[in-house]
Amino acid sequence: MSQSIIGSSSAPPTIGRLAVIGLGLIGGSFAKGLRESGCCREVVGCDPDPQTQQLAVSLGVVDRMAADIADAVRGADLILLAVPVLAMESVLRQLAALDLGSAVITDTGSTKTAVVEAVRQAYGRVPPRFVPGHPIAGSERSGVEAADAGLFRRHKVILTPLEDTDQAALAVVRRAWQLLDADVEDMPLADHDEVLAATSHLPHLLAFSLVDTLASRSENLEIFRYAAGGFRDFTRIAASDPVMWRDVFLANRDAVLRSLDTFTRDLSRLRAAVEEGDANTLLGVFTRARSAREHFSKILARRAYMEPMQTQSINFIASPGGTVQGRIRVPGDKSISHRSIMLGSLAEGVTEVEGFLEGEDSLATLQAFRDMGVVIEGPHRGRVTINGVGLHGLQAPPGPIYLGNSGTSMRLLAGLLAGQKFTSELTGDASLSKRPMGRVADPLRQMGASIDTAEGGRPPLVIKGGESRLKGMDYQMPMASAQVKSCLLLAGLYAEGATSVTEPAPTRDHTERMLRGFGYPVKVEGSRVTVEPGHKLTACRIDVPADISSAAFFMVAASIAEGSDLTLEHVGINPTRVGVINILRAMGADITLSNEREVGGEPVADIRVRYAPLKGIEIPEDQVPLAIDEFPVLFIAAACAEGRTVLRGAEELRVKESDRIQVMADGLQQLGIKAEPTPDGIIIEGGVMGGATVDSHMDHRIAMSFAVASLRATADIRITDCVHVGTSFPGFIDLARSVGMNLRQEASA
Ligand code: S3P
C-alpha cells in the first residue's frame, strides 16, 4: 500500500466496490490510486480494448476486469465514468437500463454541460446520485500503462453539483478524490465550461493550429530543426490525443467560440499594432501579460510545492537573543511608491522611478494603472518606467480593479476615479473589505460623485464616472488622514473650481510634494491645502527613499538589543513622518542622523541607532499622526522600557489592517506584559517578555513587530499568519537575519 496517496485521512473509510468504466490514463489512475489506498473492497474495471483489459490486471490497476458494463457495475457503490465525452451517452444509456441500487455515479469529462446533457438524454432527468466531476490533471503519456496512483496529488478536481444533487453522494465523490490527495472544489456547471474553454481548450486549439500551419508550409518539416525552446514550450500540448480534443471542441462549442472570438479580436489588434509600428500598444500588451504570467507562476509554484492557496499560511518563529549590527537599506517608501505610479500615469511624458517598493500593495496600484491602459515597464530592481497618458488619458478597466490588502490604493484611487468618464469598481481582500471607505465616499459625494459602497461604507466601491462634473469644495477633515486628504486633492484635479482640504493635525504630505515635483501648483496655507483644475503634470524622475515605516522595526530592534549598533541608509525623514524618531528619542533612544540631503523634493538621511536603555513616557498627542504606522513596533519598545508608556488620541489605529490596539494588547499580554487597551490608545508597563504563540491577524506590521520583540524575549515567539509581510516589506526575514536577528519562517496548513 502506498502511503503517499492516502493523504491526511485518519480512519480509512470504505468506499466499498468501485467500478471504473474506461481505463485510460485518468480512469486507470483513479482506479489504481483508490485500490492502493486500501479503501475499496474491490476495484472492477471495464474497457473495450483487449490489451487494456490485460494490462489493467497485470499492472495492478484493478482487481478484476468485467466482461461488460452490466457486469462491472453489479453491486458497485461508486461508479466512475472515464470515457471520452462523446462516448458518454451510450455508456449512460446502458446504465439507465440497469438497477444500480444506491450506487453513486460520477465522471471525469472535461466539458460538464455536454456530460449533463448526455445524462439527461439517457435518463430523461439527472439522477440525484449523479455527481459531475472533472480532474484538472494530465500527462504527456496516455493509456492504462501510464496509470499513476499519484496523478491527482495536489491537482484540482472540480465538482459541478446541480441543485438537486444528493449531498451524501457529493460527499462520497469528494472523499474519493481527497483520498487521492486532490484539491477538490465545487463550481457552477456553466462557470466550469467557460473557465476551461479559456484556460485549457483555447490554448490547445492554438497549439494544434500553429504546429499545423508551420508544418504544412514547411517542406519535409525541415523548419522544426531551427525551432528552439519557445516553440517547444508553446506547442507542447499539440502532442495531446487528437480524438479526445476533437470531442472536447464539439462538446464545448459555445464556450470555446466565445473565448476564441475574444482572442481573435485581441490578436487583430496586435496585428494592427505590428503593421502600424505601434510600439506603445505592443509594450502595453507584453508588460501586462508578463506581470499576469508572473502572478500565475507564483500560484502554480504554491500549488505544486506548498499547500493549496486557500490553506497556505506562513508563520514566523523568532528566537530570543541577538544583537543588531551593520549597515542596511530597507525597501522603498510605500506611500511615495503608490503616488509615483499614480502621478506618473497622469503625467505627460515618461517618468522614471528608482527605489520603487516591490511590495504587494504598491504592485496593486501598478497593476490598476496597467488595467487602465497605462504602459508601465518594470519593476526591475526598483526601477519603473511609466509612459504617462496625461490627466485625461486613462481608459476604462476591463473588470473590477482588485487592490489586495492596500487601503492607500483604494482610497487614493477612489478620488482619482471619481473624476473619470468611465465607471469602475474597486475590490480588495478580506482585510481591506472590512475597512471604512465612507471617509472618502462621503466627501466625494459632496463633490458630486456617484459612489456605491457595501453595507457600512465598506468595499467594494462602485464609482460611476461621467455622470456629472465634480465640484470643488472646502473640506474640514474630521480625522487626520493623509489618505482622505490625498483622495480629495486627486479628485480636485478634475473638479470645477478649487478644492481645499483642512486637516486637524499635520499628516504626511507626499501628495502635495509630488504634485509640485510634476509641476502642478499646490497652495498650502497652514493646515489648508488647495488645488485647482486646468494645469498639467509633466513627467519627471523620482528617487524613492527607504521607508521610515520599515526602518522603524530596525530602529526599535537596535534600541532594545544590548550591544546593537545599526545604520539605516537613505531613509526618508519627511517632517510629517518622523514621529517614530521623536518618540524613541523621548524614551531615551540613541539615534543620530547624518548625510542629510534632499532627493526629488523629499528629505533623506542615514540613521544610526545604538542600544540605549529606554524609559516609559506619555506620548505627545501631536506625534500620533506623524508615527501612525509605527505604533505596533513602538509598543514593543514600550514593553522593553522601564516604567509606563501611555498613548492617547490614536483611535485611528483601530481601523488599520487590523485593530492594532487590541491585537497588540492581546499579543503583549500573551508574552506576559501588562498592556491595557483604551478606546483611543493603550497603557503599557515595561517588563520581561516570555515566549508565546501570537496571532498577527494577517497584519504585516503586527507580524514584524513581534519578530522584533524576540530580541528581548526569554523564549521563542511564534507569530501566525505572516503572509502579508510582503505587502510592505518584501525580504524582511532575510534582512532581519543579516543584521543578527534569529528569525525563520514555516509554511503551515
Ligand atoms: C498613508 C496614510 C496613512 C497610513 C497609511 C499610508 C498614505 O493612513 O496609515 O499606511 O500613504 O497616505 P491614514 O491616512 O488612514 O491615516
Side-chain angles (χ1 to χ4, degrees), residues 5-9 11-46 62 72-73 75-83 85 88 91-92 95-96 100-116 118-120 122-123 125-137 149-189 191-193 196 308:
I5 51 137
I6 294 185
S8 51
S9 61
T14 310
I15 287 185
R17 175 170 288 141
L18 168 68
V20 178
I21 315 295
L23 287 173
L25 171 74
I26 300 289
S29 298
F30 185 87
K32 193 166 191 227
L34 283 181
R35 184 164 179 264
E36 288 186 10
S37 78
C39 297
C40 298
R41 203 168 57 243
E42 189 185 30
V43 178
V44 184
C46 182
V62 294
V73 300
D77 299 285
L78 177 62
I79 302 169
L80 178 85
L81 308 182
V83 298
V85 173
M88 223 40 113
V91 173
L92 284 158
L95 292 183
L100 299 178
S102 58
V104 174
I105 312 175
T106 186
D107 78 300
T108 59
S110 56
T111 54
K112 298 322 314 169
T113 312
V115 171
V116 168
V119 176
R120 223 171 251 130
Y123 280 84
R125 64 186 180 109
V126 181
R129 293 181 77 74
F130 181 85
V131 181
H134 177 210
I136 317 264
L151 183 70
F152 306 109
R153 186 155 203 272
R154 297 274 163 95
H155 280 266
K156 288 225 178 301
V157 172
I158 302 177
L159 302 182
T160 58
L162 307 174
E163 227 163 62
D164 50 1
T165 300
D166 183 300
Q167 290 305 305
L170 182 61
V172 168
V173 175
R174 183 175 293 131
R175 185 78 188 127
W177 285 112
Q178 282 168 347
L179 282 165
L180 301 175
D181 257 356
D183 173 16
V184 188
E185 257 182 48
D186 291 357
M187 196 187 267
L189 196 94
D191 290 3
H192 170 278
D193 286 2
L196 265 288

Between [X] and [Y], is any pair of side-chain heavy atoms under 4.5 Å apart?
X: Thr165; Y: Val126; answer: no
X: Ile136; Y: His155; answer: no
X: Leu151; Y: Phe30; answer: no
X: Val85; Y: Val115; answer: yes
X: Val62; Y: Leu18; answer: no
X: Ser110; Y: Leu196; answer: no
X: Arg154; Y: Asp183; answer: no

Is the shortest distance from a Lys or Arg side-chain nitrogen in Asp77 or Arg17 to a carboxylate oxygen in the other one below 4.0 Å? no
Item checked: Pairing of Arg129 and Asp166 as salt bridge, 4.0 angstrom limit ->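 Counted as a salt bridge, because a side-chain N and a carboxylate O are separated by less than 4.0 Å.
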Which atoms form the tightest heavy-atom contact between [X] and [Y], and what is the distance?
X: Ala72; Y: Ile21; answer: CB-CD1, 4.0 Å
X: Pro161; Y: Pro132; answer: CA-CD, 4.3 Å
X: Ser29; Y: Leu25; answer: OG-O, 2.6 Å
X: Pro127; Y: Val119; answer: CD-CG1, 3.5 Å
X: Gly22; Y: Val83; answer: CA-CG1, 3.9 Å
X: Gly133; Y: Leu159; answer: CA-CD2, 3.8 Å

Item to complete: Could you walk me through whether Val157 and Val173 pass the side chain to side chain contact (heavy atoms under 4.5 Å, CB included) test, one step at a time?
Response: CA-CA 10 Å; Val157 172; Val173 175; over 6 Å; no
Kindly compute the distance separating [atom1] ([X]) from [atom2] ([Y]), expressed to the nearest 0.5 Å.
X: Leu78; Y: Cys40; atom1: CG; atom2: SG; answer: 7.5 Å
X: Glu36; Y: Leu180; atom1: CD; atom2: CG; answer: 10.0 Å
X: Leu95; Y: Ile79; atom1: CG; atom2: CD1; answer: 5.5 Å
X: Leu92; Y: Arg120; atom1: CG; atom2: CZ; answer: 12.5 Å
X: Phe152; Y: Leu34; atom1: CZ; atom2: CG; answer: 9.0 Å
X: Leu162; Y: Leu170; atom1: CG; atom2: CG; answer: 10.5 Å

side-chain hydrogen bond (donor to acceptor under 3.5 Å, both in side chains) with Lys112: of Asp107, Thr160, Asp191, only one passes, and it is Asp107
